[in-house]
Amino acid sequence: MRVAAIIAALVALAVLPRVVSPYFVTLMLPAFAYGIALLGFNLLFGYTGLLSFGHALFVAIGAYSAAVMTAKLGVKSFELIVLGAAFAAVLVAIPVGLLSVRYVRIFFGILTLAFGMLFHSFLFKFYDITGGDTGLRVLRPLLLGFAFQDLDKTAFLVGPFYYYCLALLALLGFVMWRIVGSPFGLHLMAIRENRRKAEYLGVRARLFCLLAFAISAFYCAVGGVMLAIGIGQADPELAYWTHSGELVFMTVLGGFANFFGPLIGAFSYIFLKSQLMSITEYWRFVMGVILVLIVVLFPRGLVGVAQTAWARIKRS
Amino acid sequence: MQRSRRKILKAVGGAGAMLAAQPYLSFPAIAQAGPLRIGIIAPKSGIAGTIGECGLRGCQFAVERINAGGGIAGRKIELIVEEETNPKDSIERLRKLVLQDKVDCVQGIISSGVSLAMGPAAEEMKALTIFWDGTTQDGVKETMPNPHYVFRSTDNECEAVMASLLVVKHWKGQFKTVAGINPDYSYGRNNFAAFQALLKKFGVQHEVVAEQWPKVGTTDLTSHVAALKAAKPDLVFSSLLFADLPIFMRTAHGAGLMDGRTKFAFPAAGFQHTALKKSFTPEGMIFGHNTLYFDLPNASALQKQFVQEYESKYKDYPHWEADRAYFAMQVYKAGVEAAYKAKNAWPSQDDVIGAMEGVKIDSLGGPGQMRKDHIADQTFYQGITTHNNRYDFPTLGQIDTMYSDQLQKPPGADFWKWIETAQIKL
Amino acid sequence: MNAFFDLLLGGVFHAAVLFLVAAGLQLVFGVQKIVNLACGSFYALGAYFGVTAVKWAIAAGAAPYLFLPVLIVAGIAIGSIIGPPIEALLRTVYRRDEAFQLLLTFALVLMFQDALRFFFGANPQQLGDTAMVYGTLSAGSVLVPTYNALVIIASVAIAFGLGAFLQRTRFGRILRATAENREMSEAMGVNVRRVYATVFTLGTILGTVGGALVVPTAAASLDMPVELVVEAFAVVVIGGLGSMRGALIGALIVGIMRALAIRYYAELEMLAIYVVVIAVLIARPAGLFGKPVE
């Protein structure tokens, strides 16, 4: 039955461009991108219990890899770009992860924040390589070898690129589903519950945390590539710590204790932010209030709210 | 369990999508009779917040006067203001303005980083866009070689070029060592590089003894000033332009750098002019006020009225961002009206674009025009500071005026090559 | 030699202000185990309020040289006002996972961003030349604004005061006991709730006073909150979370490193600090003075 619901959702998303204005379709693209990124992020946060405040680092690596490959190296194949970006992210994730997973809880958060800002500093300062504050241009890629030259950028984005991203989201979602359902996933949850106990039982906590870290970096980079192509530019603000904070916000908004929570969080957050920005210039304040409400009253996020509501309905 | 949850959420989502679809499904109104909708994207927060605010005020001044005069070719202007933040979110705002609000024109943008991302996006969306600011040299060549829909302000380096020319004109032979303290981003880097290129061009022998690149928005410049002082420069070139400029001024004064032994050139001081109080900002420095110098003795009636209204309304004196916003609005108005007259019917976007190329208008700060290559030409004001005025901050005692055709590269040229080869007059 | 003193004084001044904010962070973390991302927001609030207070005082006819006490009083005042309600809000998540505490403080950062803009506007607020009323101290060609020296002295005084408070007074001992073992302290009759409220307010005041003290030489601006957090975190990581001594030494290291980097290799600046952070963490994971946490 769950499969049926997911298929229904996918169909709805596939039909969306026909029904809704192009503007809203272009909003869906960052939602897909963040959805993928958050699937990875939540592997680390929801399933392993490690809160990173620097994961925007990997999103930025994805974006900049896309920029370097399309604009500087002339690689136009989207598939290659995604693989290249993911590879770069994992490459960075290994040393960063090695250093960070020695710590738990708050230290992990602070350390990852520092790494994220280190990268931000690097992007800003090394002006000649990274373009400094203006960042790097990201050119339009070839999807499965097709250029879709007769389509302008907007049509490209709401057409072939939309469907490709949707497919990629479904695929990566499926892969993540298998990961969390596997023994590896169970080990991660054991680590989350009680690290020492898990280690006592033979779980190699540090190694598994490192693996989770690397996988989350992979996903975030893919999300970063999708974001960058949608915007057309990779800029250093993608690596700033408040952007990492947004990732956490989105995850918790949707519900970190549930597999689909982060996806719902990504969609809701993007939609919410966009509407708020149109209504008031103090949208950050409203977002802050919403976050407070979630943390204090609805820690299980929108999914939690829906679950409680459904339980009440079933009872009555 | 999960299936039901997903179903409810999908239902809610579907309903939301239906609601959202309304604008797309509605019939196109008889648009020509209604107001002209102009989208404005300007920063409201962060370091450029106050600059965006000044620009918005200039824009509102323009719109009020235009609407009081009957609007553009009879149609009043309606502004939709969005916030400029980072490239990602600003492009999303642009998409909303163009795809959802269906504005007739987009104006604004101050940050160079955002403008570089915005340019291609606007071109791809075929949205007529007029930048207030932004666009330093690097990256422009690749991102916008031949813009059709995007119109840009004068090159960001114009003020650096003019300040450098004034340095050569007033102080050639009076300095040997040079130091730079510039904000660490493309604007600061290009300005300092342009300064050095111009010194080289005019054969001014100099040695760079210190280069400081404070992060944009740094509030503590004590160490930077100490480093500058240790290098003992004869001249300091600084394109600092945000709140860090008055901080630098104060700190440098406190450290004894302003005792007269060092000369200073600040191409972008105008942005912060009212914060640079006389007690720590001496006379004899080169200040740049870009395209609007509020205290110009022989200013136009338009400028005088604007400055007066600005002062009584906001208790402050405007800087050039207000002029840029006014200029953009006027260029658009002139283009639409010229195209309307030529066609004797409401012009299409391409008609307007064609009419805007080459159009001449009078901006707050002085005369200007839009070149055929979509880059603006305006009048620039810089000069030497004096304390002889009725304010608590210095103004310009000796004023130099230059038109930007002497300060920026001609159409099709490369900025750096132009500096090397052009006949630039002092 | 003079240039070296200039450099040193610049670094120490920066360290003095950083110390105040870091001390606030350490105090709150040491006792309540909460890392407050909004420490930068308190700093900015102190700065903005300080500007307002001084401008108001001068308009009301106060003598210019009184601005330093006005700043300190303003910092303490706004900290005392803001601290308790925020602590009450945080109280709702004391028993919960650290992630939520961190997130709540992040929500505060977002709210403060716009609240500051709403109350104080988008314009960076400055005190113009008010600080210059104290003149400059000079020794040879080394010129230091007297105000900067006063701030350094004030910061050192506060450091000693805090140390004495924590070590010598009864409340300080209670505080340290609660930090060590909350349940035990409660069992011994300590009103832990009041301790937490007081500690948080004290930490807030340290932040707001830091901001107020820095504003005459700098400016109150809207990106202070997010910028400062990074440096403050570097200080507490180097010094060790929870340690006051760590805050002092960490602040000195960060301040002087930054000054050195600016002088000799301007490109590095913040990068140098991050490198030190990572180096310290590799060598001594708990920071220089922190206690290793499992």
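Scope of the values below: all heavy atoms of this structure, side chains included, with no hydrogens, waters or symmetry mates. Reminder, nothing fancy here: chain letters follow the sequence lines and each chain counts from 1. As the structure is a prediction and not an experimental result, all values here were calculated from the model.
Comparing C:Gly11, C:Ala218, C:Gly10 by heavy-atom pairs within less than 4.5 Å of chain B, the highest count is held by C:Ala218. Across B:Gly49, B:Pro246, B:Gly256, the residue that shares the most heavy-atom pairs under 4.5 angstrom with chain C is B:Pro246.
Looking at B:Ala243, both its backbone and its side chain come within 4.5 Å of chain C, counting heavy atoms on both sides. Heavy atoms of C:Val214 lying under 4.5 Å from chain B are absent altogether. For a residue to count as touching a neighbouring chain, one of its non-hydrogen atoms must lie under 4.5 Å from one of that chain's; by this rule B:Pro214 touches chain C with the backbone only.
B:Phe61 is linked by a ring-ring contact (aromatic ring centres under 6.0 Å, His included) to B:Phe306, counting only residues two or more places apart in sequence or in another chain.
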Short donor-acceptor contacts under 3.5 Å linking chain C with chain B:
residue: C:Asp6; atom: OD2; partner: B:Lys229; partner atom: NZ; Å: 3.4
residue: C:His14; atom: ND1; partner: B:Asp220; partner atom: OD2; Å: 2.4
residue: C:Asn123; atom: OD1; partner: B:Thr50; partner atom: OG1; Å: 3.2
residue: C:Gln126; atom: OE1; partner: B:Arg250; partner atom: NH2; Å: 2.5
residue: C:Gly128; atom: O; partner: B:Arg250; partner atom: NE; Å: 3.0
residue: C:Asp129; atom: OD2; partner: B:Ser279; partner atom: OG; Å: 2.1
residue: C:Ser141; atom: O; partner: B:Lys229; partner atom: NZ; Å: 3.1
residue: C:Pro216; atom: O; partner: B:Arg250; partner atom: NH1; Å: 2.5
residue: C:Ala218; atom: O; partner: B:Arg250; partner atom: NH1; Å: 3.2
residue: C:Ala218; atom: O; partner: B:Arg250; partner atom: NH2; Å: 3.2
residue: C:Asp223; atom: OD2; partner: B:Ile47; partner atom: N; Å: 3.3
residue: C:Glu227; atom: OE1; partner: B:Lys215; partner atom: NZ; Å: 3.1
residue: C:Glu227; atom: OE2; partner: B:Lys215; partner atom: NZ; Å: 3.1
residue: C:Arg258; atom: NH2; partner: B:Asp220; partner atom: O; Å: 3.1
residue: C:Ile262; atom: O; partner: B:Gln212; partner atom: NE2; Å: 3.0
residue: C:Glu267; atom: OE1; partner: B:Arg189; partner atom: NH2; Å: 3.3

